[in-house]
A.B. asks: 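Quick one: structure below, then a few questions.
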Amino acid sequence: MENKIYLDHAATTPTKPAVVEAMLPYFTESFGNASSVYELSNNNRKAIANAREIVAKAINAKDDEIYFTSGGTEADNWAIKGIAEAYRAKGKHIITSQIEHHAVLHTCEYLEKHGYEVTYLPVDEFGRIRIEDLQNAIKDTTTLITIMFANNEIGTVQNIKEIGDLARANKIIFHTDAVQAFMQEDIDVVDMNIDALSISAHKIYGPKGVGAMYLRKGVKIGAFMHGGAQERHRRAGTENVPGIVGLGKAIEIASSDMNEKNARQRRLRDRLIDELLEKIPYARLNGHRTERLSNNANISFRFIEGEALLILLDMNGVCGSSGSACTSGSLDPSHVLLAIGLPHEIAHGSLRLTVGDSTTDEDIDKVLEVVPGVVERLRQMSPLYEDFLKNGSKE
Amino acid sequence: MYTEKVMDHFMNPRNMGEITQASGVGTVGNAKCGDIMRIFLEIKDGIIEDVKFKTFGCGAAVATSSMATELVKGKSIQEAMTITNKAVAEALDGLPPVKMHCSLLAEEALHAALYDYATKNNIVIDGLEAPKADIHEGEEVEDEE
């Protein structure tokens, strides 16, 4: 990673050395199975309980409302399938949005194949759902609303409290995928009327392979993994003690300076957004200008394609991400960029840069120096740009 | 994920640019799928004397355009007609499976430019058909299930 400028913190973050240090004893020394009766395992039970308390406190939940999982994807799968199934006698209608992470979208599509009905709410040009659309989508058979806290691609933050209040008023369970928002946005599951929520450790400088689901007491859910009695009989399998400890430690570190960190990230993010838009013509910001995650800049450059842009940036030592088809493994660009109304060719030319703890002003300077040249180079190669220059801006 | 040759042709594209009074120009692909390729030919006495390209697309799309222009430069029309998408991909030491459609695009762009030349000069080139409107028509999209 030397000399590399890593601006893909929404994809994953490096595990903090202090987190690794906290985890290490649980591999070799305190290795006991937390389900065993002997002394060796006591320490591990305590470590898990301690981490559970930290997670609960971070979102204003109770300890026994937290379930450890293998990550955000499992938490999303479990919450959605488990709640949909537990309430199927009441109805089989689920409401979600068009811009969810695939962990939610593909789970909903799976349920559709199994007899459930799903409404995919559209979003406005900034990526926010309209509360009246949600209101209108509610039926007698609606049992679950699952809307993400903040979007992973364009960073737009939803008005979660408004959604939670509406769900509660209609006695519908509300789940939110908070994988990106966790430790960036203030989350209060009581005040926001959130019934279920998903988080992941590796987005907040914790280890990969561990996450958690919050489920409000009283909400019914089926077991996701069948086996032992772990996680109150709801998620069987020997606990990933080092991972769980790592998640707790990562939260502890992140919550100690969340506000300062957010302010710092916001300033770096705004430099990226403002200065890139100023330096490069025919570019636009994707997502909301203010209601967005503190670390997310997502900009579309017309006439060029995202993967080519990423390769050239990588050559210049900058790691970013794109919503182009070539980076999604299909022929279609990002469903999120299409949902906010971008035409295909503009969606293909998107660049997502997400800052993090290690990002400096010097990094931003370097990126602002590199990106305009790379964009210009690709535009010189582009037949779309050639046509645009010849025909003027009539399109 | 790309071979050294693909990276070389992407980083240092050969024959990138345009020919203002080209004998034939062909544009294929569409912006919806994320790639458009345009090839310009300068043909004299049945020989492709010069060739240039412009491409909107990923690394593989740029590299295949660049390689296709290299393969046809100085060749006769008939020789150029024998160059297939496979030949372009092989000359680049292979492409990732999801990128094979890029090499097809290069072949189609070349054929479209030759077709334009043939139409303008009222000649018939053996084995050359009118270009398809959309290169991706009929292409299978991978199902994730």
Side-chain angles (χ1 to χ4, degrees), chain A residues 102-103 105-107 109-110 112-114 282 300-316 322-335 337-338 342-350 374-375 377-390 395, chain B residues 1-2 6-20 25-40 52-63 65-66 95-99 101-102 105 109 112-113 134-145:
Chain A
H102 284 129
L105 281 184
H106 289 174
T107 302
E109 286 161 16
Y110 165 86
E112 275 184 299
K113 284 180 190 157
H114 289 80
Y282 317 119
S300 279
F301 303 104
R302 288 182 64 187
F303 320 116
I304 65 170
E305 192 278 334
E307 190 219 68
L309 178 62
L310 293 186
I311 297 174
L312 288 178
L313 288 181
D314 187 32
M315 289 290 176
N316 284 282
S322 170
S324 84
C326 281
T327 57
S328 73
S330 75
L331 291 176
D332 283 320
S334 142
H335 63 287
L337 298 177
L338 296 181
L342 289 199
H344 276 70
E345 64 267 33
I346 298 178
H348 281 297
S350 76
V374 165
V375 169
R377 178 174 166 174
L378 288 170
R379 281 182 176 166
Q380 287 308 320
M381 239 186 248
S382 168
L384 291 177
Y385 191 51
E386 179 193 321
D387 292 348
F388 174 78
L389 292 181
K390 278 179 189 157
E395 358 179 357
Chain B
M1 87 182 176
Y2 288 135
V6 172
M7 285 306 288
D8 176 40
H9 276 264
F10 172 62
M11 296 304 291
N12 312 291
R14 279 54 147 188
N15 307 308
M16 201 278 289
E18 48 190 299
I19 298 172
T20 39
V25 181
T27 305
V28 295
N30 69 45
K32 199 172 171 234
C33 298
D35 32 32
I36 296 178
M37 215 174 270
R38 180 171 294 162
I39 285 185
F40 305 82
K52 296 270 187 222
F53 82 88
K54 281 209 169 176
T55 291
F56 162 83
C58 62
V62 172
S65 320
S66 166
L95 287 170
V98 291
K99 302 287 186 177
H101 71 278
C102 295
L105 204 63
D134 180 354
I135 190 83
H136 290 298
E137 260 173 34
E139 187 170 320
E140 280 177 42
V141 178
E142 276 178 71
D143 190 24
E144 289 185 51
E145 288 299 311

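Bear in mind the structure is a predicted one, so any value in this text is a computation, not a measurement. Every chain is numbered from 1 and lettered A, B, ... according to where its sequence line falls, protein lines coming before strand lines.
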A.B. asks: Could you tell me which non-hydrogen atom of B:P13 sits nearest to which non-hydrogen atom of A:M381, and how far apart they are?
C.D. replies: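 Minimum heavy-atom separation between B:P13 and A:M381: CG-CE, 3.5 Å.
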A.B. asks: If you measure from CE on A:M315 to CZ on B:F10, what distance do you get to the nearest 0.5 Å?
C.D. replies: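 The CZ atom of B:F10 is 8.0 Å from CE of A:M315, to the nearest 0.5 Å.
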A.B. asks: Taking side chain as everything from C-beta outward and backbone as N, CA, C, O, which of these in B:M11 sits under 4.5 Å from a heavy atom of chain A? Side chain, backbone, both or neither.
C.D. replies: both
A.B. asks: Is chain B contacted by the side chain of A:R377, its backbone, both, or neither, given a heavy-atom distance below 4.5 Å?
C.D. replies: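 The side chain, not the backbone.
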A.B. asks: Could you tell me which non-hydrogen atom of A:E305 sits nearest to which non-hydrogen atom of B:C58, and how far apart they are?
C.D. replies: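 A:E305 and B:C58 have their closest heavy atoms at OE1-CA, 3.1 Å.
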A.B. asks: For the CD atom of A:Q380 and the CE atom of B:M16, what is their distance to the nearest 0.5 Å?
C.D. replies: 6.5 Å
A.B. asks: Looking at every non-hydrogen atom in both residues, tell me the closest pair between B:F56 and A:F303 and how far apart they are.
C.D. replies: CD1-O, 3.1 Å
A.B. asks: For the CD atom of A:E386 and the CD1 atom of B:I36, what is their distance to the nearest 0.5 Å?
C.D. replies: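 Atom-to-atom, A:E386:CD and B:I36:CD1 are 11.0 Å apart.
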A.B. asks: Rounded to the nearest 0.5 Å, what's the gap from OG1 on B:T55 to CD1 on A:I304? Could you check?
C.D. replies: 14.0 Å
A.B. asks: Does the side chain of A:H344 reach to within under 4.5 Å of the side chain of B:N30, using non-hydrogen atoms?
C.D. replies: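 SC-SC contact between A:H344 and B:N30 ruled out.
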A.B. asks: Quick check for you: among A:L312, A:I346, A:L378, A:L309, which has the greatest number of heavy-atom pairs under 4.5 Å with chain B?
C.D. replies: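 Looking at each option in turn, the highest pair count goes to A:L312.
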A.B. asks: Working to the nearest 0.5 Å, report the span between CE of B:M1 and CD1 of A:I311.
C.D. replies: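 Those atoms lie 5.5 Å apart.
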